[in-house]
Amino acid sequence: MRLSKAWIIILSSLTVVVTVLPIIRFGLKGVFYTIDPDVQYLSNSFSYIEKAQIQYDGHPGTPTIILLAYALWPLRVYVRLATEMPFMTWVFQHADITYFYIRIFQSLWLGLAMAVFLWAILRYTKSVAACLFAWAGLFVYSIFPYLGSTIVPETTSFFITVVWLFIFSVSNKSISTIKVLFLAAISGLASANKFSNITLVFLSFALVGFIPKVNIIQRLKILLGTILVTVVVFIISTWSIRNTYPNLFRWVSILATTTGTHGGGEKSIFDLTAYLKSVSSLLHQDYWPAWITAATSVWLLVSIVKWKQKLITPLTIAFIIVMGGIIIFAKYPLSHYQLVNYTLVLFVASALLTRTSRLLAIVIPVVLLPMVFTNLSYYTQSSTKAMINTARLEEYVRRHPASRGTLWEWARVSDFSFLWGRDWAGGTFDKELSQYRPDLLAITSDMEKIKINNRELKEVFDVCWDKFYIQTVSAPVFMTKYADRSLKYSLLPGIEDISIIESDHCQK
């Protein structure tokens with residue numbers, strides 16, 4: 001058992017190391033290499049700290065936002081003891097340190113979640129080989145390494161899911177009412193973090209059917225209790241955004257009744273052509289996780305038919321519900337929507353693997369290793385490339401300050417993170433921007449107005465600015481829109497996706 005625990009520590013530590021290395025390597029230079037949804041979540045954590053308010057409610061995401069707010073507590077203590085400035089002022093002046101700190105936290109959080117996941121599998125299977133398989137299975141999943149460096153809700157979703165699985169692994173042979181209610185509470189928290197985690201809710205409800213020695217009436221009462229617990233925990237977890245519930249559920253309705261991602265595409269609950277295109281995209285993105293899922297389905301069927309394994313067991317019912325979740329969320333070609341479902345697939349696959357063939361349980365992780373290295377290599381290269389681009393853009397902006405004002409459309413840099421954070425968090429950094437950086441300006445998406453602050457808009461050329469950093473793909477739109485103006489357009493040397501437009505309208 002000591003050896004088994006050692007493997008859990010090794011694999012969890014390795015999770016932290018491989019995900020955090022690109023961040024450690026670049027330090028503060030490229031820390032804004034990813035800002036979507038990083039800025040949305042962290043800026044709302046700032047808002048929660050300062051005003052006990054959360055404006056962002058899209059997923060809903062509140063557990064992640066509140067978690068990050070508490071994760072900032074050591075920094076808040078340091079600022080209080082070592083400086084005389086308000087916390088938000090310190091963050092404004094040291095945004096790079098703040099984001100770096102939270103990215104390190106995300107990596108440690110992922111490592112802890114991995115430890116819980118592997119411990120759950122070890123308790124359920126009594127097999128180190130199953131743990132090795134599950135670890136490798138996660139690292140062939142395209143998005144997984146990014147959970148340890150980007151500020152996303154999926155890291156917390158993974159943690160909540162593995163806690164659910166740990167309780168399930170402990171309770172599998174003695175499912176009780178208390179344990180089911182506890183699992184329902186966890187699933188309510190998961191749904192509050194992201195609606196795509198709803199599979200856990202239905203799994204918790206299904207487990208009511210496996211509570212022994214209760215009649216139908218009692219079982220129905222327990223089911224109502226699990227529903228009540230789930231709803232209550234969801235409300236408690238999203239209490240900060242209770243006033244926006246109508247908008248939240250309206251947004252969910254839009255997502256459910258459109259064929260594209262983020263409410264795009266045709267107005268339809270289901271379109272076969274769009275669905276097949278989405279499935280094809282998911283298979284292309286995550287070829288090996290798709291194979292693992294398919295193999296697990298076949299393996300479970302063979303286990304039932306050939307080896308007379310019972311069909312009605314918590315494990316098999318769980319897998320059937322998970323497959324339903326995979327099919328439903330395959331409507332969207334976004335791998336992170338399948339994170340909870342895929343984690344549950346790996347748990348079931350690990351259990352089946354050790355029950356049928358110990359040799360195979362050793363061979364499969366070895367076979368998966370080359371794909372693990374490939375995925376980690378891609379993660380390192382893509383992260384490094386993005387950090388280099390951000391570092392170069394930050395350096396260019398520093399070396400070429402605007403004389404009148406700097407206008408931003410969108411970019412992965414600290415200046416834009418302040419502007420975007422203000423917009424997403426209902427005024428975060430408003431005071432600091434007006435006091436320390438009144439020269440920072442943001443343009444609206446239609447490129448017709450400039451945001452002076454969180455409330456005031458003005459015409460594009462009614463505001464003084466001389467440098468406009470714009471996405472290269474958007475530049476022709478702006479240049480055409482204002483063809484009557486004297487504008488200078490330039491590509492930035494060595495920097496991808498961002499160009500600069502200069503104007504002298506304030507000098508005339």
Least distance between heavy atoms, Pro370 atom then Val366 atom: CD-O, 3.5 Å

Is a donor from one side chain sitting under 3.5 angstrom from an acceptor on the other, for Thr125 and Ser350? no

Parallel, tilted or perpendicular: rings of Tyr56 and His59 (30°, 60°): perpendicular

Do the side chain of Gln338 and the main chain of Ile326 share a donor and acceptor less than 3.5 angstrom apart? yes

Nearest heavy atoms of Phe329 and Ser196, plus distance in Å: CZ-CA, 3.6 Å

Does the Ser253 side chain pair with the main chain of Phe249, one donor and one acceptor, at a distance under 3.5 Å? no

Assert yes or no for the condition that the ring centre distance of Phe139 to Phe373 is strictly below 6.0 Å. no

Are side-chain heavy atoms of Ile24 and Ile104 found at a separation under 4.5 Å? yes

Any sub-3.5 Å donor-acceptor pair from Ser383's side-chain atoms to Thr380's backbone N or O? no

ring-ring contact (aromatic ring centres under 6.0 Å, His included) between Phe347 and Tyr124: does it pass, once the steps are laid out? CA-CA 9 Å; Phe347 184 86; Tyr124 196 86; 5.1 Å; yes

Between Phe159 and Trp109, what is the ring plane arrangement, given parallel below 30°, perpendicular above 60°, and tilted in between? parallel

Do Tyr379 and Ser149 pass the side chain to side chain contact (heavy atoms under 4.5 Å, CB included) test, and can you show the C-alpha distance, the side-chain angles, and the key distance before you say yes or no? CA-CA 10 Å; Tyr379 160 70; Ser149 59; 3.0 Å; yes

Applying ring-ring contact (aromatic ring centres under 6.0 Å, His included) between Tyr99 and each of Tyr33, Tyr41, Phe32, Phe26, report the one that passes. Phe32

Distance in Å, Ile151 CD1 paired with Asp36 CG, rounded so as to fall on 0.5 Å steps: 11.5 Å

Contact between Trp408 and Val413 at the side-chain level, heavy atoms closer than 4.5 Å - yes or no? yes

Does the side chain of Trp135 come within less than 4.5 Å of Leu14's, by heavy atoms? yes

Rounded distance (nearest 0.5 Å) linking atom OG1 of Thr15 with atom CG of Leu112: 11.0 Å

Checking side-chain polar atoms at under 3.5 Å, does Trp164 have a donor or acceptor matched by the opposite partner on Ser204? yes

Just by modelled atom types, is the Phe166 backbone N or O under 3.5 Å from a matching donor or acceptor in the Ser169 side chain? yes

Under 6.0 Å between the ring centres of Phe158 and Phe144? yes

Under a 4.5 Å cut-off applied to non-hydrogen side-chain atoms, are Ile23 and Met387 in contact? yes

Thr313 and Thr316: side-chain donor and acceptor closer than 3.5 Å? yes

Indicate whether the side chain of Glu394 and that of Ser414 have a donor and an acceptor atom separated by less than 3.5 Å. yes

Taking side chain as C-beta onward, heavy atoms only, is Ile317 less than 4.5 Å from Leu207? no

Take atom OH of Tyr378 as the centre, draw a 6.0 Å sphere, and report whether it contains more than 12 heavy atoms from other residues, nucleotides or ligands. no

Flag for Ser142-Asp286: side-chain donor and acceptor within less than 3.5 Å: yes

Evaluate Val140 against Ile292 for side chain to side chain contact (heavy atoms under 4.5 Å, CB included), listing each step before the verdict. CA-CA 10 Å; Val140 298; Ile292 290 172; 4.3 Å; yes

Could you tell me whether Arg103 and Asp38 make a salt bridge, using a distance below 4.0 angstrom between a side-chain N and a carboxylate O? yes

Between Trp424 and Ser47, is the side chain to side chain contact (heavy atoms under 4.5 Å, CB included) condition met? List the steps. CA-CA 10 Å; Trp424 279 106; Ser47 178; over 6 Å; no

Heavy-atom side-chain proximity of Phe133 to Leu346 below 4.5 angstrom: yes

Between atom CD of Gln285 and atom OG of Ser335, what is the distance when rounded to the nearest 0.5 Å? 3.5 Å

Specify whether Trp291 and Tyr287 have parallel, tilted or perpendicular ring planes, treating 30° as the upper limit for parallel and 60° as the lower limit for perpendicular. perpendicular

Considering all heavy atoms of both residues, which atom of Ser237 and which atom of Ile66 are nearest to each other, and what is their separation? O-CD1, 4.5 Å

Quick one: do Asp96 and Lys29 make a salt bridge, cutoff under 4.0 Å? no

Just checking, any donor-acceptor pair under 3.5 angstrom between side chains of Thr62 and Thr238? no

Does Trp90 offer a backbone N or O that forms a donor-acceptor pair with the side chain of His94 under 3.5 Å? yes

Any Lys/Arg nitrogen of Arg399 or Glu395 sitting under 4.0 Å from an Asp/Glu carboxylate oxygen of the other? yes

Looking at Tyr275, I'd like to know if its OH atom is crowded, meaning that more than 12 non-hydrogen atoms belonging to other residues, nucleotides or ligands lie closer than 6.0 Å. yes

Can you tell me how far the OG1 atom of Thr230 sits from the CD1 atom of Ile198, to the nearest 0.5 Å? 10.0 Å

Could you check whether any side-chain N or O of Lys194 sits under 3.5 Å from a backbone N or O of Ser191, counting only pairs where one atom can act as donor and the other as acceptor? no

Would the distance check show the side chain of Ser499 and the main-chain N or O of Leu491 forming a donor-acceptor pair, the cut-off being under 3.5 Å? no

Met323 versus Thr293: any side-chain heavy-atom pair under 4.5 Å? yes

Thr199 and side chain to side chain contact (heavy atoms under 4.5 Å, CB included): which partner among Val201, Leu203, Asn197? Leu203

Determine, step by step, whether Arg412 and Asp497 satisfy the side chain to side chain contact (heavy atoms under 4.5 Å, CB included) criterion, reporting the C-alpha distance in whole Å, the side-chain angles of both residues, the deciding distance to 0.1 Å, and the verdict. CA-CA 10 Å; Arg412 299 181 183 92; Asp497 68 29; 3.4 Å; yes

Can any side-chain N or O of Ser280 pair as donor or acceptor with the backbone N or O of Lys277 at less than 3.5 Å? no

Side-chain contact test, heavy atoms from C-beta onward, threshold under 4.5 Å: evaluate it for Leu147 versus Gln106 and give yes or no. no

Under 6.0 Å from the CZ atom of Phe210, do we count more than 12 heavy atoms belonging to anything else shown? yes

Nearest heavy-atom approach of Ala129 to Ile362 is CB-CG1, 4.2 Å

With distance as the sole test, does Asn44 use its side chain to make a donor-acceptor pair with the main-chain N or O of Gln55 at under 3.5 Å? yes

Where is the tightest heavy-atom contact between Gly188 and Val233, given as atom of each residue plus distance? C-CG1, 4.0 Å

Mind checking whether Phe205 and Phe202 have parallel, tilted or perpendicular rings, split at 30° and 60°? perpendicular

Any idea how Phe46 and Phe87 line up, ring-wise: parallel (<30°), tilted (30 to 60°), or perpendicular (>60°)? perpendicular

Value rounded to 0.5 Å, distance of CD1 in Ile54 from CG in Asp57: 9.5 Å

Enter the distance from Ile49:CD1 to Tyr70:OH here, rounded to the nearest 0.5 Å. 9.5 Å

Minimum heavy-atom separation for Pro153 to Thr64, with atom names? CA-OG1, 3.4 Å

Distance-only, no hydrogens or angles: does the Ser278 side chain make a donor-acceptor pair with backbone N or O of Lys331 under 3.5 Å? yes

